[in-house]
> 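I am attaching a structure below and will ask some questions about it afterwards.
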Amino acid sequence: MDTAHRSFPILVALFVLLFGVTSSQPYEEFLQCLEFHDSNITSIVYTRANSSFSSLLESSIRNPRFDTSATPKPLLIFTPRQISHIQSAIRCSRAHRIQIRVRSGGHDYEGLSYSTISPSLTLDLISFRNISIDLAQQTAWIQPAVTTGELYYRIAEKSSTLAFPSGICPTVGLGGQISGGGWGTLLRKYGLAADNVLDTRVIDAEGRILDRASMGEDMFWAIRGGGGNTFGIVIAWKIKLVPVPASVTACTVTRTLEQNATEIVHRWQYVVDKLSNDVFFMVVLNRVVNPIQANATTIQASFNSLYLGSIEGLILMMEAKFPDLGLRRENCVEMSWAKSILYFAGFPLNSPLESLLDRTISATGSAKFKGKSDYVKEPIPISGFEGIWEKLKEVGVQTGGLILASYGGKMSEIPESSIPFPHRAGNIYQVEEVAFWVEDGVEAADGYLNWLRGLYEYMTPYVSKNPREAYANYRDLDIGRNGGGGEGDYRRARSWGSSYYKNNFDRLVRVKTAVDPANFFRNEQSIPPLSSWR
Ligand code: FDA
């Protein structure tokens, strides 16, 4: 391109910036603005007319429910290669009123990182995937599009006795996951991923790069669990690695209704939050083909546990504390902690550790899904479980279920206000209610969504109240949303905000008001600034 051609878009952009001339496409001025900042940058911006647009958009859609022709799409996808690109995108988006949706791993439960009715730009951070581990300090700097699996693999390459207490599914991005908390099999020992963040680099709404010292403790508090796409764009986390034994024990025991599942799950609730911090227990409840009766189905409880010790140690503990489970040696396998992630994620036992690096595998296959969440503070009575079984019988085999994850331990020791994630002491376990379906079309989707909402309604007497608590990373727009494409309203937001953050909600609003008063970073469930109190 000769100099005359190169300077033309720059002059146009300058004119546009100064006089605000409108053009036929809402994003043309934005593109001119980007080019004004960096003449090479437009080669990494994709419009809907670009042949790569759809494949790029789909490359990180982790819920096929939001991969249909009816799903609202961004106007543009931008794949920045360096930090200055992100800063330019922020400045041009502000100037030309295009909303930014940041995407790291694309697992948002409601697809908010790439789908909105507002004119938007999906800022896909896929190139930000560096991991730098300091073994001596037992810390690491990680970029936001690093997945949990990639992180666990790189830690395991360097040490068999270090880990990080983040989520179970290996394809989830740490940009989004730490922004909302991040729980996994180490939560009873070390808390959440967000509890183990030491420092960060964030680009704020002015395009400035901030670290912990320059952003101040209020903003540093807010970004560790207060939700993504709200306070700024995280470009790096400094995390604390945690010690684990070189060999841990993972076990699975399944029980159907015919094998006393109801009584065992009921009993599980009285034990699980009081066990040693070295034990994590998860129970998956769903409808399965009956293993002992042809052409029949039943309800199954699958008890999955991780113990930071030997098989013998866990069996001794279970015989003393939870004999009803009937745990036996053959239910358990010893392995490295990194391998236990593959075990919990449902990979076959002989899978290579490299499977952790595959960011394309889908935890739900081609199934669309919706999740909702709850917290249980008092054991659910037997009759309550019997009603859950009736609900599960309303859907097909393995198309709906509940996942119960044990709390207590370190989770009870961390104060509710330590970070925005407030679900701490007093919770026996967290519940995720889920529905999966492969059928296409609105009618099929509505059937499953209605079933899930019915299950959630059914759970009301058995779960937390005032507020009914929910996990921010299991985003659920049923519990409330900001208006339009994210225009906040403090009073409306308070209702879903209290579910996710309890009494931390108001502090989050104060931080938002201080760091992003114009509500530049927003989505359908971002924290609104106080100015939205109309
Ligand atoms: P995505 O890129 O969609 O981002 C999610 C949200 O964070 C969006 O609002 C996005 O804009 C924002 N965001 C992303 N990157 C950002 C950045 N760099 N700066 C600021 N904001 C940013 N959770 C858990 O705790 N434990 C678990 O085991 C699992 N397992 C699991 C399995 C599967 C299959 C799914 C789909 C989800 C989970 N989750 C989970 C929930 C998961 O933690 C949650 O969906 C995260 O927000 C996903 O983060 P991603 O970066 O992948 O998503």
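Counting starts at 1 for both ligands and their atoms, in listed order.
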> Write out the residue and atom name of the closest protein heavy atom to atom 52 (O) of ligand 1, then the distance separating them to 0.1 Å.
Gly173 N, 2.9 Å

> Under 4.0 Å from a heavy atom of Phe369: which atoms of ligand 1 are those, numbered in the order shown and with their elements?
36 (C)

> Would you mind listing which atoms of ligand 1 come within a distance below 4.0 Å of any non-hydrogen atom of Ile168?
27 (C), 28 (O)

> Tell me the nearest of Trp237, Trp183, Phe421 to atom 27 (C) of ligand 1, using heavy-atom distances.
Trp183

> Using a strict 4.0 Å threshold on nitrogen-to-oxygen distance, state whether Asp124 and Arg103 make a salt bridge.
yes

> Under 3.5 Å, is there a donor-acceptor pair between the side chain of Arg101 and the main chain of Pro74?
no

> So for ligand 1, is Val172 a polar contact partner (N or O within less than 3.5 Å, distance only)?
no

> Could you tell me whether the side chains of Gln177 and Ser166 share a donor-acceptor contact shorter than 3.5 Å?
yes

> Look at atom 33 (C) of ligand 1 and say which protein heavy atom is nearest, naming residue and atom and giving the distance to 0.1 Å.
His107 CD2, 3.9 Å

> May I ask you to check whether Asn50 and Thr47 show a side-chain donor-acceptor distance below 3.5 Å?
no

> Determine whether the side chains of Thr71 and Tyr114 contain a donor N or O and an acceptor N or O closer than 3.5 Å.
no

> For atom 5 (C) of ligand 1, which candidate among Ile100, Asp108, Thr230 provides the closest heavy atom?
Asp108

> Quick one: which ligand 1 atoms are inside 4.0 Å of a heavy atom on Gly182?
25 (O)

> Any N/O of Arg475 closer than 3.5 Å to an N/O of ligand 1?
yes

> Hey, which atoms in ligand 1 end up nearer than 4.0 Å to a heavy atom of Arg103?
2 (O)

> How far is atom 7 (O) of ligand 1 from its nearest protein heavy atom, and which residue and atom is that?
Gly176 CA, 3.6 Å

> What do we get for Asn523 next to ligand 1 when only non-hydrogen atoms under 4.0 Å count, side chain, backbone, both or neither?
side chain

> N/O to N/O below 3.5 Å, does that happen between Tyr109 and ligand 1?
no

> Does a salt bridge link Lys368 with Asp67, judged by any charged N lying under 4.0 Å from a carboxylate O?
no

> Is ligand 1 less than 4.0 angstrom away from at least one heavy atom of Gly106?
yes

> For atom 3 (O) of ligand 1, find the nearest protein heavy atom and state the residue, atom name and distance (0.1 Å precision).
Ser113 OG, 2.6 Å

> How does Phe231 reach ligand 1, by side chain, by backbone, by both or by neither, if only non-hydrogen atoms under 4.0 Å count?
neither

> When you measure from atom 10 (C) of ligand 1 to each heavy atom in Asn229, Val102, Leu187, which option holds the nearest one?
Val102

> Starting from atom 34 (C) of ligand 1, which protein heavy atom do you reach first, and at what distance in Å?
Ala363 CB, 3.6 Å

> Could you give the distance from CE (Met282) to CG (Leu187), rounded to the nearest 0.5 Å?
11.5 Å

> Indicate yes or no: does Arg91 engage Glu206 in a salt bridge with an N to O separation below 4.0 Å.
no

> Is it true that Asp195 and Arg424 make a salt bridge, defined as a side-chain N closer than 4.0 Å to a carboxylate O?
yes

> Taking atom 19 (N) of ligand 1 as the point of reference, which of Ile235, Val234, Thr185, Leu174 owns the nearest heavy atom?
Val234

> Check Ser104 against ligand 1 and report side chain, backbone, both or neither, counting heavy atoms closer than 4.0 Å.
both

> Measuring from the heavy atoms of Gly184, does anything fall under 4.0 Å of ligand 1?
no

> Please state which option from Gly175, Ala193, Gly232 has its nearest heavy atom closest to atom 20 (C) of ligand 1.
Gly232

> Ring centres of Phe53 and Tyr46 under 6.0 Å apart?
no

> So, does His85 use its side chain to make a donor-acceptor pair with the main chain of Arg81 at under 3.5 Å?
yes

> Judged on heavy-atom distance to atom 24 (C) of ligand 1, which of Arg359, Gln177, Glu524 sits nearest?
Gln177

> So which protein heavy atom does atom 44 (C) of ligand 1 come closest to, and at what separation?
Asn473 O, 3.5 Å

> Look only at interatomic distance and state if Gly167 has a nitrogen or oxygen under 3.5 Å from any nitrogen or oxygen of ligand 1.
no

> Backbone, side chain, both or neither: what part of Leu112 comes under 4.0 angstrom of ligand 1, heavy atoms only?
neither

> Checking side-chain polar atoms at under 3.5 Å, does Glu524 have a donor or acceptor matched by the opposite partner on Thr116?
yes

> I need the contact type for Tyr114 against ligand 1. Using non-hydrogen atoms and a strict under-4.0 Å cut-off, is it side chain, backbone, both or neither?
neither

> Among all protein heavy atoms, pick the one closest to atom 25 (O) of ligand 1 and tell me residue, atom and distance.
Tyr471 OH, 2.6 Å

> Taking all atoms of both residues into account, what is the closest heavy-atom pair of Pro170 and Ile361, and its distance?
CG-CD1, 4.5 Å

> Can you find a non-hydrogen atom of Phe128 under 4.0 Å from ligand 1?
no

> If you take the centroid of each ring, where Trp contributes its six-membered ring, are Phe421 and Trp183 closer together than 6.0 Å?
no

> Relative to ligand 1, is Leu125 under 4.0 angstrom through side chain, backbone, both or neither, heavy atoms considered?
side chain

> Looking at Val248 and Ser340, what are the two nearest heavy atoms and their distance?
CG2-CB, 4.1 Å

> Starting from atom 50 (P) of ligand 1, locate the nearest protein heavy atom and write down its residue, its atom name and how far away it is, to 0.1 Å.
Gly105 N, 3.5 Å

> Do NZ/NE/NH1/NH2 and the carboxylate oxygens of Arg188 and Glu413 come within less than 4.0 Å?
no

> Closer than 4.0 Å to some heavy atom of Ile233 - which atoms of ligand 1 meet that?
19 (N)

> Could you go step by step and tell me if Arg62 and Thr171 meet the side-chain hydrogen bond (donor to acceptor under 3.5 Å, both in side chains) rule?
CA-CA 9 Å; Arg62 296 289 174 236; Thr171 58; 4.8 Å; no

> State whether a side-chain donor-acceptor pair under 3.5 Å links Asp476 with Tyr500.
no

> If you measure every N or O of Pro144 against every N or O of ligand 1, does any of those distances drop under 3.5 Å?
no

> In ligand 1, which numbered atoms sit nearer than 4.0 Å to a non-hydrogen atom of Gly228?
7 (O), 12 (C), 21 (N)

> Other residues, nucleotides and ligands only: do more than 12 of their heavy atoms fall within 6.0 Å of NZ on Lys377?
yes

> Looking just at side-chain N and O atoms, do Glu439 and Tyr448 make a donor-acceptor pair shorter than 3.5 Å?
yes

> Can you list the ligand 1 atoms lying under 4.0 Å from a non-hydrogen atom of Cys169?
28 (O), 30 (N), 31 (C), 32 (C), 34 (C)

> Polar-atom distance check: Arg101 versus ligand 1, any N or O pair below 3.5 Å?
no

